[in-house]
Amino acid sequence: MENKSLFVSTSIAYLNGDPHLGFAMESIEADVISRWNKNNNIDTFFSTGTDEHGEKIHKTAELLKTSPKDLCDKNVIQFKNLAKELNIDYSDFIRTSDQSKHWKTVQLIWTKLVKSGDIYKKKYTGLYCYGCEAFMTAKDLDEEGTCPNHKRKPNEISEENYFFKLSKYSSQIEKLIESNELEIIPSFRKNEILNLIKDGLHDVSFSRPASKLPWGIPVPNDDTQTMYVWCDALSNYISVLDYYLNSDLYKKYWINSEVIHVIGKDILRFHSAIWIGMLLSIGEKTPDKLLVHGFLTSEGEKMSKSTGNIVDPFKEIKKYGSDALRYFLIREVPIGQDADFSKERFNSIYQSHLANGLGNLVSRVISLANKNNININSKIEIFDETEYFLNSKLEVLKLQMSKLSLHESIKSIFQVIDYCDKKINDIEPWKLIKVNPEKNKVFVYNMLYCINWISIYLYPFLPVTAEKIKNIINSSTSEILFPRLEKLK
Ligand SMILES: [Zn+2]
């Protein structure tokens, strides 16, 4: 893994609405992976962005008496703001309405798919859910024959569309996944997708009549058809790298990099089948890993407007701070699992892990260091035991991060806090200072060394807090990292 480069991405968020907590979580996960690798001197490109075409955007724009492009320009601001407030350190933000590199890339990919003989026109009758903006098969519907997302019967529609010969790549895709050449994390998702593929993949509709889908990328050489979401949206991962120019950026961060897509479980099928099929068809490298997260509920229920339980990430950041939200979404959501966001749980984690845990330890150690007249630059020995403990934690941490097990990784870092708290309570430096001030200095220095270690390895996870701890250590001044719950507004 030494000296390799990395490409990591979030999926692109659909612009018809405000950014939700799930997208915040996905962005945080990708950001942690990106920052961790950058810290380890791995040249990293981190891509995020927005999916801006489709029927819903078009209809919303009509309702608001504006153009789809203006609507997207307005909506995208919230997504960029969220990234900013969460300290998402992306390299580029790709918008699918970008007519230069995105459209040009997508149209080039289409042309290559045609050249490979993988695009054909077919009269098609299928079930279409307007809510999902997707064709559905009987398998996708619930027992009542309704769309499970919208609780509505899909409409039967008949159109002539272009199709992509995904079926041709079934066995190749299956092999890639089975051999872990395309690694799906967590592995139960791998089994799920293999199960789906084993009977063979079906060809997929890749375009719709322009009359029905006017807001999208035109099919090259056929103005009567607009590209359907797949070719348009999935191509973002390489359009962001100027694929259409056969750029150095593309060669470096796609062909010669480890490629990781962070996605939600609802779009696993598209990423592990359609996207891979497209890349195989155009003869390009396929991604190395798909990190698949679950869904978040709110207070035990699915978030929905009608229940009124939608968690607004901006509000949570405003109240608790961005690192507190980052911490909760990393620590409380085991990678791949569904999880619940509850006020009570967030409060309790905030208070116990952050305010009483990390925040309290840092202020305790700094105050001890000041009382003992030492700082991080003092020439004082590190106990073998401290060294051994931190080194073993680091080994574990590296292993967990190589498995992209973010929640286990942050847990390992926080075990250093527990270790220090226990040491301080056992040694009682406020007593030791009177009996053996020299010995006490060494002990306190070891604790200072530990919180310095924390600030280094915490950085990819909680960048603001890590920077603050570093400043506190270097200036020997105190600052409250996490105000107590009752002081939050
Ligand atoms: Zn639906």
Side-chain angles (χ1 to χ4, degrees), residues 1-13 27 30-31 33-35 37-38 40-53 69 72-73 76 79-80 83 88-116 118-119 164 176 181-182 206 216-221 227 229-263 270-271 274-291:
M1 291 286 289
E2 215 97 7
N3 291 327
K4 236 189 131 177
S5 49
L6 173 75
F7 178 89
V8 60
S9 63
T10 67
S11 63
I12 47 175
S27 305
D31 187 56
I33 296 168
S34 165
R35 285 177 187 268
N37 281 280
K38 281 182 191 165
N40 286 292
N41 293 319
I42 291 171
D43 197 343
T44 299
F45 192 100
F46 171 15
S47 168
T48 188
T50 40
D51 173 14
E52 308 194 353
H53 294 129
K69 177 72 175 126
C72 291
D73 288 347
V76 76
F79 286 83
K80 289 192 168 173
I88 304 301
D89 187 23
Y90 57 78
S91 314
D92 203 351
F93 191 105
I94 182 77
R95 300 179 56 188
T96 59
S97 66
D98 171 318
Q99 295 206 5
S100 57
K101 61 181 173 189
H102 185 70
W103 282 38
K104 281 179 182 160
T105 292
V106 175
Q107 291 182 322
L108 176 63
I109 290 174
W110 184 282
T111 309
K112 288 189 174 190
L113 294 172
V114 171
K115 240 186 216 159
S116 303
D118 291 338
I119 296 285
F164 170 58
L176 282 171
E181 216 172 305
L182 170 62
F206 251 38
I217 306 178
V219 168
N221 304 317
M227 283 187 216
V229 61
W230 313 128
C231 189
D232 176 350
L234 291 165
S235 303
N236 88 85
Y237 300 121
I238 57 176
S239 71
V240 72
L241 298 172
D242 294 324
Y243 173 75
Y244 79 104
L245 292 173
N246 192 23
S247 65
D248 289 342
L249 208 60
Y250 175 71
K251 286 176 198 150
K252 179 170 183 185
Y253 291 110
W254 190 268
I255 299 177
N256 296 313
S257 278
E258 177 178 31
V259 172
I260 303 175
H261 295 315
V262 182
I263 57 171
F270 316 135
H271 283 74
I274 302 175
W275 176 224
I276 306 301
M278 285 168 63
L279 289 165
L280 290 172
S281 171
I282 64 173
E284 296 293 348
K285 174 202 150 95
T286 53
D288 299 281
K289 287 175 186 169
L290 301 178
L291 179 62

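Keep in mind that the numbers below use all heavy atoms, side chains included, and drop hydrogens, waters and symmetry copies. The model shown is predicted, which means the values in this text are computed figures rather than measured ones.
- Counting only N and O atoms by type, the side chains of Ser9 and Ser47 include no donor and acceptor under 3.5 Å apart.
- Thr105 and Ser239 share no side-chain donor-acceptor pair at under 3.5 Å.
- Closest approach of Trp103 to His53, counting heavy atoms only: NE1-CE1, 3.4 Å.
- Between Tyr253 and Phe7, the distance from one ring center to the other does not fall under 6.0 angstrom.
- Between Arg95 and His102, the closest heavy-atom pair is O-CB, 3.9 Å.
- A side chain to side chain contact (heavy atoms under 4.5 Å, CB included) with Pro287 is found for exactly one of Leu176, Ile276, Ile260, namely Ile276.
- The side-chain heavy atoms of Trp110 and Ile217, taken from C-beta on, include no pair separated by under 4.5 Å.
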Between Leu249 and Asp242, does a side-chain contact (heavy atoms from CB on, under 4.5 Å) hold up when you go through it step by step? CA-CA 7 Å; Leu249 208 60; Asp242 294 324; 4.2 Å; yes

Applying side-chain contact (heavy atoms from CB on, under 4.5 Å) to Tyr243 and Trp254, what does each step give before you reach the verdict? CA-CA 9 Å; Tyr243 173 75; Trp254 190 268; over 6 Å; no

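- Here the side chain of Asn37 pairs a donor or acceptor atom with the backbone of Ile33 at under 3.5 angstrom.
- For Glu52 (side chain) and Asp98 (main-chain N/O), no donor-acceptor pair under 3.5 Å exists by modelled atom type.
- In this structure a side-chain-to-backbone donor-acceptor pair under 3.5 Å is missing from Ser11 to Ile263.
- Across all non-hydrogen atoms, the minimal contact from Asp43 to Lys252 is OD2-NZ, 2.6 Å.
- In this model, a donor atom of one side chain and an acceptor atom of the other lie less than 3.5 Å apart for Ser281 and Asp118.
- Each of Ile12, Thr50, Thr48 was scored for a side chain to side chain contact (heavy atoms under 4.5 Å, CB included) with Phe79, with one residue passing: Thr50.
- In terms of modelled atom types and a separation under 3.5 Å, the side chain of Thr44 and the main chain of Arg35 share no donor-acceptor contact.
- A donor-acceptor pair under 3.5 Å is absent between the side-chain atoms of Lys112 and the main chain of Gly283, judged by distance alone.
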